[in-house]
Trainee: 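The structure is given below, and queries will be raised subsequently.
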Amino acid sequence: MSKDLEVASRYATAIFQVAEEKNLVSEFKDELSSVKAALTENLEFVKLLENPTLTTEQKKSLASAVFKDLNETLRDFIFLLIDRGREDYLMVISDVYAARVNELEGIAEADVYSVIPLSTEEKASLSEAFAKKLNKKKLHIRNHVDKSLLGGIRVVIGTRIYDDSLKMKLKDMERQIKA
């Protein structure tokens, strides 16, 4: 585990424990997700937060203005990160926290690559099939269009890859012919 991920994991675990105590695990997940989205969409704000010439109080003031609708505990958590010079870990903390909540709820995240966008029914069918295979309750699917597959699908869940694409089948046939 990289040092950055290790540090982010400790903070994510801490805020997760606070969320459990306050019975706000799902709410914190949603709010941290919106914080991450806000940071991703506004790189100028991120540059200001990471600017070493701004004082801690100036950074807190900026964060307070941007995250004024955030749960008070989460806002205090962001202030703590700023106090400790760890504000640049916020997006990774959000990801680690979401992964912990998903694990708790029996949810897995999947990237599904297909030649054309999948219909809602196809996503539901894939979700059900792979959730059973992984002993999960549910599978969240992010569909990506990849014309190079030629047909079929490729499913990536964590470090597992299930490739049932025409491209892979053709490569397998080529290997068999050459052998």
Side-chain angles (χ1 to χ4, degrees), residues 1-17 19-20 25-47 49-50 74 81 86-179:
M1 186 183 294
S2 76
K3 184 157 177 65
D4 288 350
L5 189 57
E6 194 175 312
V7 170
S9 185
R10 278 194 227 126
Y11 281 105
T13 300
I15 195 65
F16 184 82
Q17 289 171 346
E20 278 186 317
V25 173
S26 292
E27 183 183 328
F28 278 22
K29 178 185 175 189
D30 294 341
E31 290 195 10
L32 280 171
S33 177
S34 66
V35 166
K36 181 183 176 185
L39 294 174
T40 304
E41 293 168 7
N42 193 345
L43 295 177
E44 292 300 316
F45 175 65
V46 173
K47 286 179 185 175
L49 269 184
E50 295 175 357
L74 269 181
L81 293 174
R86 304 283 194 184
E87 58 274 3
D88 52 332
Y89 289 92
L90 200 46
M91 287 196 267
V92 181
I93 291 168
S94 174
D95 290 340
V96 173
Y97 183 90
R100 291 227 25 204
V101 174
N102 285 346
E103 189 64 35
L104 178 74
E105 295 175 347
I107 298 172
E109 298 284 335
D111 289 300
V112 178
Y113 299 85
S114 58
V115 177
I116 58 172
L118 297 174
S119 69
T120 306
E121 295 82 28
E122 290 168 326
K123 287 181 185 179
S125 176
L126 279 171
S127 177
E128 187 178 325
F130 280 96
K132 282 181 186 173
K133 189 177 256 190
L134 298 168
N135 293 323
K136 298 287 184 184
K137 292 179 187 171
K138 191 175 180 184
L139 191 70
H140 285 162
I141 292 179
R142 288 181 300 273
N143 188 208
H144 309 276
V145 175
D146 182 357
K147 302 267 186 213
S148 73
L149 295 178
L150 304 176
I153 61 167
R154 184 173 66 229
V155 180
V156 180
I157 305 170
T159 58
R160 295 180 184 166
I161 300 173
Y162 302 91
D163 198 336
D164 194 33
S165 66
L166 186 56
K167 182 179 179 179
M168 183 54 75
K169 288 179 181 178
L170 289 171
K171 282 183 180 181
D172 288 345
M173 284 176 56
E174 180 183 27
R175 273 184 250 149
Q176 289 174 356
I177 291 170
K178 287 182 179 179

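Since this is a predicted model, take the numbers as computed values, not measurements. Basis for what follows: all heavy atoms, side chains included, without hydrogens, waters or symmetry-related copies.
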Trainee: Report the C-alpha distance between L81 and Y89 in whole Å, list the side-chain angles of each, state the deciding distance to 0.1 Å, and finish with yes or no for side-chain contact (heavy atoms from CB on, under 4.5 Å).
Mentor: CA-CA 8 Å; L81 293 174; Y89 289 92; 5.5 Å; no

Trainee: To the nearest 0.5 angstrom, please state how far the CD1 atom of I153 sits from the OG atom of S165.
Mentor: 9.5 Å

Trainee: So, S127 side chain and K123 main chain: donor-acceptor pair closer than 3.5 Å or not?
Mentor: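 Flag not set: sc S127 to bb K123 has no pair under 3.5 Å.
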
Trainee: Less than 4.5 Å apart, any side-chain heavy atom of V155 and any of I161?
Mentor: no

Trainee: How close do V96 and A12 get, heavy atom to heavy atom, and via which atoms?
Mentor: CG1-CB, 3.5 Å

Trainee: So that I can tick it off, tell me whether D172 and K169 are bridged by a salt bridge, with the cut-off set at under 4.0 angstrom between side-chain N and carboxylate O.
Mentor: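 No salt bridge links K169 with D172.
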
Trainee: Can you tell me how far CG of L49 sits from CG of L90, rounded to the nearest 0.5 angstrom?
Mentor: 8.0 Å

Trainee: Does this structure show an ion pair linking D164 with R154, if we count only N-O contacts that are shorter than 4.0 Å?
Mentor: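 No.
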
Trainee: Using a 4.5 Å cut-off on heavy atoms from C-beta on, say whether the side chain of L139 contacts that of I107.
Mentor: no

Trainee: Does a salt bridge link E103 with K136, judged by any charged N lying under 4.0 Å from a carboxylate O?
Mentor: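 Yes, this pair counts.
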
Trainee: Measure the CG-OG distance between D4 and S9 for me, rounded to the nearest 0.5 Å.
Mentor: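 The CG atom of D4 sits 12.0 Å away from the OG atom of S9.
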
Trainee: Parallel, tilted or perpendicular: which fits the ring planes of Y97 and F28, with parallel below 30° and perpendicular above 60°?
Mentor: tilted

Trainee: Flag the pair I116 / V145 as yes when at least one side-chain heavy-atom distance between them is below 4.5 Å, and no otherwise.
Mentor: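 SC-SC contact between I116 and V145 ruled out.
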
Trainee: Is there side-chain contact between D163 and Y113, with heavy atoms separated by less than 4.5 Å?
Mentor: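 Not in contact.
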
Trainee: Can you see which heavy atom on L39 is nearest to which on V46, and at what distance?
Mentor: O-CG2, 3.3 Å

Trainee: Go through V115 and D146 one step at a time and tell me if the side-chain contact (heavy atoms from CB on, under 4.5 Å) criterion holds.
Mentor: CA-CA 5 Å; V115 177; D146 182 357; over 6 Å; no

Trainee: Closest approach of P117 and N143, non-hydrogen atoms and distance?
Mentor: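 Scanning both residues completely, I find the closest heavy atoms to be CA-OD1, 3.3 Å.
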
Trainee: Taking everything shown except E128 itself, do over 12 heavy atoms lie less than 6.0 Å from its CD?
Mentor: no

Trainee: Q17 side chain to A14 main-chain N or O, any donor-acceptor pair under 3.5 Å?
Mentor: no

Trainee: Report the C-alpha separation of L150 and L170 in whole Å, then their side-chain angles, then the decisive distance to 0.1 Å, and conclude whether the side-chain contact (heavy atoms from CB on, under 4.5 Å) test is met.
Mentor: CA-CA 10 Å; L150 304 176; L170 289 171; 3.8 Å; yes

Trainee: With a 4.5 Å heavy-atom cut-off, do H144 and D111 have their side chains touching?
Mentor: yes

Trainee: Does a sphere of radius 6.0 Å around CG in L43 hold more than 12 heavy atoms from other residues, nucleotides or ligands, not counting ones at 6.0 Å or beyond?
Mentor: yes

Trainee: Mind checking the NZ-CD spacing from K47 to E44? Nearest 0.5 Å is all I need.
Mentor: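 Answer rounded to 0.5 Å: 5.0 Å.
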
Trainee: Is any side-chain heavy atom of R160 closer than 4.5 Å to a side-chain heavy atom of L134?
Mentor: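 Sidechains of L134 and R160: in contact.
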
Trainee: Would you say the side-chain atoms of T40 pair up with the backbone N or O of K36, donor to acceptor, closer than 3.5 Å?
Mentor: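 Flag set: sc T40 to bb K36 pair under 3.5 Å.
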
Trainee: I need the minimum non-hydrogen distance between I157 and A110, along with the two atoms involved.
Mentor: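 Shortest heavy-atom contact: CG1-CB, 3.6 Å.
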
Trainee: Would you give the length of the straight line joining atom CG of L126 to atom CD1 of I141, rounded to the nearest 0.5 angstrom?
Mentor: 5.0 Å

Trainee: Do you know the tightest heavy-atom contact between K29 and N102?
Mentor: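 The answer is NZ-OD1, 2.7 Å.
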
Trainee: Identify the two heavy atoms, one from E105 and one from K137, that lie closest to each other, and give their separation to 0.1 Å.
Mentor: O-CD, 3.5 Å

Trainee: Count the heavy atoms of every other residue, nucleotide or ligand shown that sit under 6.0 Å from CZ of R142, and state whether that count exceeds 12.
Mentor: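 For R142, atom CZ is crowded (more than 12 foreign heavy atoms under 6.0 Å).
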
Trainee: Out of curiosity, L74 CG to S94 OG, how far, rounded to the nearest 0.5 Å?
Mentor: 9.5 Å

Trainee: Whether the side chain of S34 engages the backbone of E31 through a donor-acceptor N/O pair (distance < 3.5 Å, no angle test) should be reported.
Mentor: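 Checked: pair present.
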
